[in-house]
Amino acid sequence: MRITKRLALGVAAVAFALSMGAAHAEDALKLTIASEGAYPPFNNLTPDGKLEGFDIDIGKALCEEMKAQCTFVSQDWDGMIPALQAGKFDAIIASMSITDERLKKVDFSKKYYNTPPGIAVPKDSTLKDVTPESLKGKTLGVQASTSHSNFAEAKYSGSDIKMYPTADEYKLDLSNGRIDAAMDDSVVLGQWLDSGAGKCCKLLGTITPDPVIHGPGAGVTVKKGNTALADKFSAAILAIRKNGKYKEINDKYFKLDVYGAE
């Protein structure tokens, strides 16, 4: 078959385009992102072991905005930051609050949500309010190594603070009457209380966040010094806020805008 000069040029152009496309695919940002998988509705594991929830959907939207190829993996909460520091993954999207203590070890994007803490109690509880005075002498459950546990220890020293590895475990003890109250994110508590599993209990009230302990909200966590990646996530968060993707995901899970004040 005769190949004309024009055909040859065309073939060369196609080959060049394909090679460039392959090069771009190879150059695409590839990230492994960790989440806990035990903090619904923000993150949870399906029966077949897949991560789901608000954190995961936000993470996927951020990756799409950044044109990054992302793989999501589950990681126990207690080992989350050490595993990030060890290079097991590139980022954490697991409702991790931006606090001064954590900023000594890791870096964060800007917040992607900020909701107040709250306290849940059994429906027949005689407790009247969420003040430390009201809970003095009571057993207060909270997930360990969280801003909520730090707040409970700092402000509720008159209570017997009981730490749990996961939120599911304090919920079980509260529903079985083994503790008097539980402190966590008010949205997490509210979703649980609205479900069949939380029919035992009620929300006693919300707590005004302490900016020093709770920080400005939950952010994407990256290794200390990786400000370039943190900035990419921050820009992507602003972008999905503007283009409506954030609202679409927010409304899938919540009746209020969990982002908080702009």
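Note that the structure is predicted; figures quoted are calculated from it, not measured.
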A.B. asks: Distance from Met66 atom CE to Ile237 atom CD1, nearest 0.5 Å?
C.D. replies: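 The CE atom of Met66 sits 9.5 Å away from the CD1 atom of Ile237.
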
A.B. asks: Is the shortest distance from a Lys or Arg side-chain nitrogen in Glu101 or Lys104 to a carboxylate oxygen in the other one below 4.0 Å?
C.D. replies: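 A salt bridge links Glu101 with Lys104.
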
A.B. asks: For His148, give me all partners under ring-ring contact (aromatic ring centres under 6.0 Å, His included), at least two apart in sequence or on another chain.
C.D. replies: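 By the ring-ring contact (aromatic ring centres under 6.0 Å, His included) rule, His148 matches His214.
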
A.B. asks: Any heavy-atom pair between the side chains of Ser186 and Pro116 that's under 4.5 Å?
C.D. replies: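 The answer is yes; the side chains approach within 4.5 Å.
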
A.B. asks: Counting N and O atoms only, with roles assigned by atom type, does the side chain of Ser134 sit under 3.5 Å from a partner on the main chain of Asp129, one being a donor and the other an acceptor?
C.D. replies: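 Judged by distance alone, yes, a pair lies under 3.5 Å.
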
A.B. asks: Do any side-chain atoms of residues 71-93 form donor-acceptor pairs under 3.5 angstrom with protein atoms, and if so which ones, sequence neighbours left out?
C.D. replies:
{"from": "Trp77", "atom 1": "NE1", "to": "Ser145", "atom 2": "O", "distance (Å)": "2.8"}
{"from": "Asp90", "atom 1": "OD2", "to": "Thr32", "atom 2": "N", "distance (Å)": "2.7"}

A.B. asks: Once you round to the nearest 0.5 Å, how far does OG of Ser159 lie from CE of Met183?
C.D. replies: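 Rounded to the nearest 0.5 Å, the OG-CE separation comes out at 8.0 Å.
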
A.B. asks: Check this for me, if you would: do Asp173 and Arg178 make a salt bridge, where the nitrogen-to-carboxylate-oxygen distance has to be below 4.0 angstrom?
C.D. replies: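 Salt bridge: yes.
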
A.B. asks: Can you tell me if NZ on Lys202 sees more than 12 non-hydrogen neighbours from other groups inside 6.0 Å?
C.D. replies: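 Yes.
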
A.B. asks: Drop me the distance from Glu169's CD to Met163's CE, to the nearest 0.5 angstrom.
C.D. replies: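 These two atoms lie 13.5 Å from each other.
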
A.B. asks: Atom OH in Tyr112, atom OH in Tyr246: separation rounded to 0.5 Å?
C.D. replies: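 Here the interatomic distance stands at 9.0 Å.
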
A.B. asks: Side chains of Asp168 and Thr166: any donor to acceptor distance under 3.5 Å?
C.D. replies: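 The criterion, which ignores hydrogens and geometry beyond distance, is not satisfied for Asp168 and Thr166.
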
A.B. asks: Measure the CG-CG distance between Leu229 and Leu29 for me, rounded to the nearest 0.5 Å.
C.D. replies: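 Going from the CG atom of Leu229 to the CG atom of Leu29 covers 6.5 Å.
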
A.B. asks: Verify the distance criterion only: is there a donor paired with an acceptor across the side chains of Asp185 and Tyr39 at less than 3.5 Å?
C.D. replies: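 Checked: Asp185/Tyr39 side chains show no N/O donor-acceptor pair below 3.5 Å.
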
A.B. asks: Where does the angle between the aromatic ring planes of Phe54 and Tyr113 fall among parallel (under 30°), tilted (30 to 60°) and perpendicular (over 60°)?
C.D. replies: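 Ring orientation of Phe54 relative to Tyr113: perpendicular.
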
A.B. asks: Nearest heavy-atom pair of Arg102 and Thr146: which atoms, and what distance?
C.D. replies: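 The answer is NH2-CA, 3.6 Å.
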
A.B. asks: With rounding to the nearest 0.5 angstrom, report the CG to NZ distance, Asn44 to Lys50.
C.D. replies: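 Here the interatomic distance stands at 14.5 Å.
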
A.B. asks: Do Glu36 and Gln143 make a side-chain contact, defined as non-hydrogen atoms from C-beta onward lying under 4.5 Å apart?
C.D. replies: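 Of all side-chain heavy-atom pairs linking Gln143 with Glu36, at least one is under 4.5 Å.
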
A.B. asks: Mind checking whether Phe151 and Leu189 sit in one hydrophobic cluster, side chains of I, L, V, M, F, W, Y counted as touching below 4.5 Å?
C.D. replies: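 No, Phe151 and Leu189 fall in different hydrophobic clusters.
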
A.B. asks: Verify, without hydrogens or angle tests, whether Asp210 (side chain) and Val212 (backbone) share a donor-acceptor contact under 3.5 angstrom.
C.D. replies: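 Pair found, side chain donor or acceptor close to backbone of Val212.
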
A.B. asks: Taking Lys123 for its side chain and Lys199 for its backbone only, find out whether a donor-acceptor pair lies under 3.5 Å.
C.D. replies: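 Judged by distance alone, yes, a pair lies under 3.5 Å.
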
A.B. asks: Distance-only, no hydrogens or angles: does the Ser125 side chain make a donor-acceptor pair with backbone N or O of Leu127 under 3.5 Å?
C.D. replies: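 Judged by distance alone, yes, a pair lies under 3.5 Å.
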
A.B. asks: If you take all heavy atoms of Lys162 and Thr139, which pair is closest and at what distance?
C.D. replies: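 Reported closest heavy-atom pair: CB-CG2, 4.3 Å.
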
A.B. asks: If I compare all heavy atoms of Leu31 with all of Ala68, which pair ends up nearest, and what's the gap?
C.D. replies: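 So the two residues come closest at CD1-CB, 4.3 Å.
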
A.B. asks: Flag the pair Lys171 / Val188 as yes when at least one side-chain heavy-atom distance between them is below 4.5 Å, and no otherwise.
C.D. replies: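 Touching, per the 4.5 Å side-chain cut-off.
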
A.B. asks: Given Phe108, which of Thr227, Thr221, Val220 fulfils the side chain to side chain contact (heavy atoms under 4.5 Å, CB included) condition?
C.D. replies: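 The residue from Thr227, Thr221, Val220 that satisfies side chain to side chain contact (heavy atoms under 4.5 Å, CB included) with Phe108 turns out to be Thr221.
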
A.B. asks: side-chain contact (heavy atoms from CB on, under 4.5 Å), that's the test. Do Phe233 and Lys110 meet it? Break it down for me.
C.D. replies: CA-CA 8 Å; Phe233 276 114; Lys110 299 295 185 183; over 6 Å; no

A.B. asks: Does anything in residues 252-262 pair up under side-chain hydrogen bond (donor to acceptor under 3.5 Å, both in side chains), and if so which pairs, sequence neighbours excluded?
C.D. replies: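 Those involving residues 252-262 are Asp57-Lys252, Asp57-Tyr253, Arg241-Asp257, Arg241-Glu262.
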
A.B. asks: Hey, is the main chain of Ala230 close enough, under 3.5 Å, to the side chain of Ser109 for a donor-acceptor pair?
C.D. replies: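 Looks like no, no N/O pair under 3.5 Å.
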
A.B. asks: Tell me every residue that passes ring-ring contact (aromatic ring centres under 6.0 Å, His included) with Tyr164, counting only those two or more places apart in sequence or in another chain.
C.D. replies: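 ring-ring contact (aromatic ring centres under 6.0 Å, His included) list for Tyr164, sorted by chain: empty.
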
A.B. asks: Find out if a path of hydrophobic residues (ILVMFWY) with successive side-chain heavy-atom gaps under 4.5 Å connects Val121 to Ile207.
C.D. replies: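 Looking at the clustering, Ile207 is in the same group as Val121.
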
A.B. asks: Taking Leu140 as the starting point, is it possible to reach Leu172 by hopping between hydrophobic residues whose side chains are less than 4.5 Å apart?
C.D. replies: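 In one cluster with Leu172: Leu140, no.
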
A.B. asks: Measuring only between side-chain heavy atoms, which start at C-beta, is Asn114 closer than 4.5 Å to Lys111?
C.D. replies: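 Of all side-chain heavy-atom pairs linking Lys111 with Asn114, at least one is under 4.5 Å.
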
A.B. asks: I'd like to know if the side chain of Asn43 and the backbone of Ala38 have a donor-acceptor N/O pair within less than 3.5 Å.
C.D. replies: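 Indeed, once roles are kept as given, a pair shorter than 3.5 Å links the two residues.
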
A.B. asks: For Leu103 and Ile98, work out which heavy atoms get closest and say how close.
C.D. replies: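 That would be CD1-CG2, 4.2 Å.
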
A.B. asks: Considering non-hydrogen atoms only, spot the tightest contact between Trp192 and Ser175 and give its length.
C.D. replies: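 Smallest heavy-atom distance, with atoms named: CZ2-CB, 4.5 Å.
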
A.B. asks: Are Ile161 and Ser149 close enough, and set up right, to give a side-chain contact (heavy atoms from CB on, under 4.5 Å), and what steps lead you there?
C.D. replies: CA-CA 8 Å; Ile161 309 298; Ser149 64; over 6 Å; no

A.B. asks: With side chains defined as the heavy atoms from C-beta onward, is the minimum distance between Leu135 and Ile119 less than 4.5 Å?
C.D. replies: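 Yes, at least one pair of side-chain atoms sits under 4.5 Å.
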
A.B. asks: Can you name the nearest heavy-atom pair linking Ala154 to Ile213, along with the distance?
C.D. replies: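 Where Ala154 meets Ile213 most closely, the heavy atoms are CB-CD1, 3.9 Å.
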
A.B. asks: Any side-chain heavy-atom pair from Leu174 and Pro122 closer than 4.5 angstrom?
C.D. replies: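 A side-chain contact exists here, since the closest heavy-atom pair is under 4.5 Å.
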
A.B. asks: Mind checking whether Leu45 and Ile58 sit in one hydrophobic cluster, side chains of I, L, V, M, F, W, Y counted as touching below 4.5 Å?
C.D. replies: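 Same cluster: Leu45 reaches Ile58 through Ile, Leu, Val, Met, Phe, Trp or Tyr contacts under 4.5 Å.
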
A.B. asks: With sequence neighbours excluded, what pairs up with Glu133 under the salt bridge (Lys or Arg N to Asp or Glu O under 4.0 Å) test?
C.D. replies: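 Listed in chain order: nothing, the list is empty.
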
A.B. asks: Please check: side-chain N/O of Asn226 versus main-chain N/O of Val222, any donor-acceptor pairing under 3.5 Å?
C.D. replies: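 No, Asn226 side chain to Val222 backbone: no donor-acceptor pair under 3.5 Å.
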
A.B. asks: For residues 30-104, which residue pairs pass the disulfide bond (SG atoms under 2.5 Å apart) check, not counting sequence neighbours?
C.D. replies: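 Residue pairs with at least one partner in residues 30-104: Cys63-Cys70.
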
A.B. asks: Counting only heavy atoms not in Lys105 (residues, nucleotides, ligands), do more than 12 fall under 6.0 Å from its NZ?
C.D. replies: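 Atom NZ in Lys105 is not packed in, count stays at 12 or less.
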
